[in-house]
Amino acid sequence: MNQNMQLQQLFTFIEKSPTCFHAVSNLEKMLEGAGFQKLEEKNKWDISIGGKYYVNRNDSSIIAFTIPDCSFNEIKGFHMVAAHSDSPCFKLKEIPENIVDKAYLKWNVEKYGGMILSTWLDRPLSVAGRIVGKTKEGLQSSLVNLDRDVAIIPNVAIHMNRDMNKGVEYNPQIDMQPLVGAADAKGTYLELLAKEAGIKKEDILGTDLFLYNRDKCRVIGLDEAFIAGPRLDDLECAYAGMYSLIKGQSLQYINLCAVFDNEEVGSGTKQGADSTFLKDVLTRICTKLGMDEETYCCMLANSFMISADNAHALHPNHTEKADAENRPILNGGIVIKHHGSQRYATDAYSAAVMKDICQQADVPCQTYANRSDMVGGSTLGNISTSQVSVSTVDIGLPQLAMHSAMETAGTKDIGYLIEALQTFYKQ
Ligand code: ZN
């Protein structure tokens with residue numbers, strides 16, 4: 001597929017995935033289209049050699065896998081890719097409506113993850129997520145997305161804060177509450193959401209609702225070198241992982257792609273990378289294929305995981321923030337992340353495996369390390385390996401402005417990642 005088509009598919013995926021729930025639903029559609037069968041955690045599984053399957057947890061994390069078409073005692077292990085479905089944003093509180101001076105309707109929101117607060121100001125926002133409603137058949141969860149400009153978080157005018165350009169400390173409870181209408185609009189959001197879900201407003205019993213940036217993804221630069229869009233971290237890698245799983249075929253490894261929720265808040269939920277989700281899926285696959293516990297241990301020892309979560313590229317205005325040598329650039333290829341204290345799971349062996357894959361795929365790779373006097377972020381690799389211990393490399397695509405409402409990445413890098421992951425999955 002050429003670069004433009006690939007980018008357009010990525011852009012459509014991101015734009016249709018305002019929340020983790022939508023991201024998982026869209027990944028499921030990709031998998032269904034490629035003939036994958038859905039499994040439910042609560043039901044017994046019927047899986048067989050040569051089959052393609054997926055299972056979700058909480059509708060916000062998903063694991064898809066393919067079983068090679070060979071005898072089960074010829075299967076060597078798992079080839080896994082992990083990414084995350086969530087992005088930093090604002091969550092509506094349970095009772096969100098707040099009237100100001102009998103004139104304005106605001107929503108009471110709180111932070112989800114560590115976003116750059118200022119980037120959420122003065123831009124049209126919408127609301128999406130899931131609601132759980134009471135129906136004749138019992139409680140029913142529905143995806144909702146108002147998909148129009150309904151909210152804005154207005155800045156204070158510079159005349160009211162002359163020091164504005166010296167840096168502002170934002171208080172989320174005060175400064176980040178969105179304006180959503182005149183006072184009369186109170187109650188309408190539930191009516192709109194209920195209508196979308198096909199239930200009555202009174203029957204909504206639970207909500208997980210988030211503000212999101214409605215900006216479209218776009219190609220930018222005089223030479224079209226960059227892409228800008230919301231949620232590039234980590235929907236670029238989630239998309240690349242699942243796309244490559246669908247396209248790649250292995251003769252001797254079970255290929256698997258896991259996209260976890262809650263990376264932005266520490267992964268410690270029932271569906272996050274620190275949960276038993278991956279371990280449960282791997283155990284069930286092996287049990288169903290008739291393997292004993294020792295075979296499972298052998299399989300793990302012979303497995304490999306690529307944990308794919310975006311990385312910091314060299315900033316054009318702040319080159320001093322990057323390490324002296326280990327400083328990736330946009331369009332420079334896949335970033336292999338290293339960390340002395342092992343916040344990234346990469347070691348000499350796993351880095352070598354990844355470099356070898358990139359060489360085979362004929363795509364460039366580069367390295368990232370924090371400055372030694374700076375604390376970096378964490379990611380999925382070392383968290384998921386605490387549950388399922390396999391050799392893991394932490395990688396990502398280089399990007400700028402991580403956790404901004406609008407992030408910037410390279411046009412070429414997504415293609416490099418897809419090439420490399422397909423090569424990995426074909427082994
Ligand atoms: Zn991330």
Pairs touching residues 108-133 that satisfy salt bridge (Lys or Arg N to Asp or Glu O under 4.0 Å), sequence neighbours left out:
Arg123-Asp215, Arg130-Asp208

Quick one: which residue pairs count as a salt bridge (Lys or Arg N to Asp or Glu O under 4.0 Å) with a foot in residues 280-297, not counting sequence neighbours?
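Sorted pair list: Arg57-Asp280.
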
Please give me the minimum heavy-atom distance between [X] and [Y], naming the atom from each residue.
X	Y	answer
Ser141	Asp59	OG-OD2, 4.1 Å
Met5	Asn2	N-OD1, 2.8 Å
Tyr425	Leu256	OH-O, 2.8 Å
Met299	Cys286	CE-SG, 4.2 Å
Asp323	Ala369	CB-O, 3.4 Å

Looking at side-chain heavy atoms only, is the closest gap between [X] and [Y] below 4.5 Å?
X	Y	answer
Asn56	Gln271	no
Asn255	Gln249	no
Thr269	Asn58	no
Leu125	Phe90	no
Ile227	Ile414	no
Val132	Thr207	no
Ile199	Ile204	yes

Set of ring-ring contact (aromatic ring centres under 6.0 Å, His included) partners for [X], sequence neighbours left out:
X	value
Tyr189	Trp107
Phe78	none
His22	none

Only counting residues at least two apart or in another chain, list the ones meeting salt bridge (charged side-chain N to carboxylate O under 4.0 Å, His left out) with Arg214.
Asp147, Asp149

Starting from the C-alpha separation in whole Å, work towards a yes-or-no answer on side-chain hydrogen bond (donor to acceptor under 3.5 Å, both in side chains) for Thr346 and Asp394.
CA-CA 6 Å; Thr346 311; Asp394 266 308; 5.0 Å; no

Identify which one of Leu27, Leu421, Val81, Asn26 satisfies the side-chain contact (heavy atoms from CB on, under 4.5 Å) criterion when paired with Met242.
Leu27

Quick one: which of Gln399, Lys321, Met402 gives a side-chain contact (heavy atoms from CB on, under 4.5 Å) with His312?
Met402

Do Thr392 and Val390 pass the side-chain contact (heavy atoms from CB on, under 4.5 Å) test, and can you show the C-alpha distance, the side-chain angles, and the key distance before you say yes or no?
CA-CA 6 Å; Thr392 299; Val390 295; 3.8 Å; yes

Please collect all side chain to side chain donor-acceptor pair (under 3.5 Å) contacts where either partner lies in residues 234-244, sequence neighbours excluded, each pair once.
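Sorted pair list: Gln9-Tyr239, Glu236-Asn310.
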
[Y] backbone acceptor or donor facing [X] side chain under 3.5 Å:
X	Y	value
Ser341	Arg343	no
Ser48	Gly51	no
Thr12	Gln8	yes
Glu263	Ala273	no
Glu97	Gly187	yes
Asp347	Ser350	yes
Asn145	Ala128	no
Lys337	Asp309	yes

Quick one: pull up [atom1] in [X] and [atom2] in [Y] and give me the separation to the nearest 0.5 Å.
X	Y	atom1	atom2	value
Thr66	Tyr253	OG1	OH	13.5 Å
Leu278	Gln387	CG	CD	8.5 Å
Met406	Leu232	CE	CG	8.0 Å

What pairs of residues pass the ring pair (Phe, Tyr, Trp, His ring centres under 6.0 Å) test when at least one of them lies in residues 382-418, not counting sequence neighbours?
none

Strictly by ring pair (Phe, Tyr, Trp, His ring centres under 6.0 Å), give each pair with a member in residues 23-54 just once, sequence neighbours left out.
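Counting only pairs at least two positions apart or across chains, the ring pair (Phe, Tyr, Trp, His ring centres under 6.0 Å) contacts touching residues 23-54 are Tyr53-Phe65.
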
Tell me every residue that passes side-chain contact (heavy atoms from CB on, under 4.5 Å) with Glu15, counting only those two or more places apart in sequence or in another chain.
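By the side-chain contact (heavy atoms from CB on, under 4.5 Å) rule, Glu15 matches Phe11, Lys216, Cys217.
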
Apply side-chain contact (heavy atoms from CB on, under 4.5 Å) to Tyr104 and list each qualifying residue two or more places apart in sequence or on a separate chain.
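For Tyr104 the side-chain contact (heavy atoms from CB on, under 4.5 Å) partners, ignoring immediate neighbours, are Val100, Leu179.
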
Neighbour count above 12 (heavy atom, 6.0 Å) for [X] [atom1]:
X	atom1	answer
Lys279	NZ	no
Lys91	NZ	yes
Lys76	NZ	no
Gln3	CD	yes

Checking side-chain hydrogen bond (donor to acceptor under 3.5 Å, both in side chains) between Ser60 and each of Thr19, Asp86, Asp261, which is the one that passes?
Asp261

Using side-chain contact (heavy atoms from CB on, under 4.5 Å), reason through Met115 and Leu117 one step at a time and then give a plain yes or no.
CA-CA 6 Å; Met115 74 280 273; Leu117 290 171; 3.7 Å; yes

Will you find, in the side chains of His84 and Asp233, an N or O donor that is under 3.5 Å from an N or O acceptor?
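A pair is found: one side chain offers a donor N or O, the other an acceptor, under 3.5 Å apart.
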
Below 3.5 Å, can you tabulate the donor-acceptor pairs from side chains in residues 352-363 to any protein atom, sequence neighbours excluded?
unit_1	atom_1	unit_2	atom_2	d
Asp356	OD2	Gln360	NE2	3.2
Gln360	OE1	Gln427	NE2	3.4

